[in-house]
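First up is the structure itself, then whatever we jot down about it.
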Amino acid sequence: MRFLRYGSALLLAALAAAARAEFPDKPVTLLVPFAAGGPSDKIARDLAEALRKPLGQTVIVDNTAGAGGTIGAARVARAVPDGYTLLVHHIGLATAPALYKKLSYRTLEDFEYLGLVNEAPSTLIGKPTLTANNFAELRQWIADNHGKVNLANAGVGSASHLCGLMLQSALKSNMTPVPYKGTAPAMTDLIGGQVDLMCEQATNATPQIEARKVKVFGVSSPQRMTLPLLAAVPTLSEAGLTGFNVTVWHGLYAPKGTPPAVLARLNAALRVALKDPELIKREEALGLTVVADERLAPAEHRKFVEAEMARWSKIIKDSGETAE
Ligand code: MLT
């Protein structure tokens, strides 16, 4: 029994009392498993803002970065299941089990699923000094520099790492991965020219593309982005990597064993937050799609993650990529 992990009936009584008390009666923490300033952090801060009203409480964001998001995810899996420590995480929660031989949490068993939040395409972006100005020229440059190209990511299992895996296998070209604690620090090095390429979520890439601080070569989703700034950018599939499809999604989670009344309160607050016009405006301005209400049932969320685990474990196995 999970509660016994905390070794005392006292905790059980405290949790039951917490569930009976008007939850939440103190600030709620959204833990982001990547460094501040990256796409996951931006999404969590938007969500915290939109959750304040429906929860009637302060909602704070805390970053615990490292190991492609697995350190932060493990922290929430082990947190007291009282609803006050939640996880905002992306596709990495579904892919880590196929990538890490030793993982200190179980994706399907150690979390309560509170609902999906959004979906974001990734963009293939490059340092501003690259001579290539479109995907065909970039493809040639990668071929001419086989084995010498370095590709930034946020650690094994991060969205940027997964997109990079797909890119290398589609191009049949091995690149040198350069891992960071999140794609915010990676973006700084890309802009500075310390790394060559990155496959980064539009959330973080769009402002840098707009400011012409990086070059954009393609988007990872099956359809082009509708943002005027990026509508002319081809999908990687139409640019020659037929069928290329990496869509990064984010979800909200609580530790397993969180009282049902608290889960229901959190899911209801998420549904209100995702209808917040301000949040929708901010997310769409970055190329994100906020998940529609009918997909917010926790059972739907869990089923979606289970399907993504199956889909990605095959892609990862074929790539031969694993981590310790
Ligand atoms: C971040 O927030 O740093 C990114 O989501 C990391 C990644 O998964 O690429």
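Start at 1 and go down the list; that is how both ligands and their atoms are numbered.
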Geometric cation-pi criterion Arg295 and Phe304, 6.0 Å radius, 45° cone: yes
Polar side chain donor-acceptor pair, Gln140 to Asp144, under 3.5 angstrom: yes
query: If you draw the axis of the six-membered ring of Tyr84, does the NZ or CZ of Lys26 fall within 45° of it and under 6.0 Å from the ring centre?
result: yes
message: Please check: side-chain N/O of Arg302 versus main-chain N/O of Tyr113, any donor-acceptor pairing under 3.5 Å?
response: no
From Asn245 atom CG to Met166 atom CE, the distance as rounded to the nearest 0.5 Å: 6.5 Å
query: Minimum heavy-atom separation for Leu99 to His161, with atom names?
result: CD2-CE1, 4.0 Å
message: With a 4.0 Å heavy-atom cut-off, what residues sit around ligand 1?
response: Phe34, Gly38, Pro39, Ser40, His90, Ala154, Ser158, Ala159, Ser160, Gly182, Thr183, Gln201
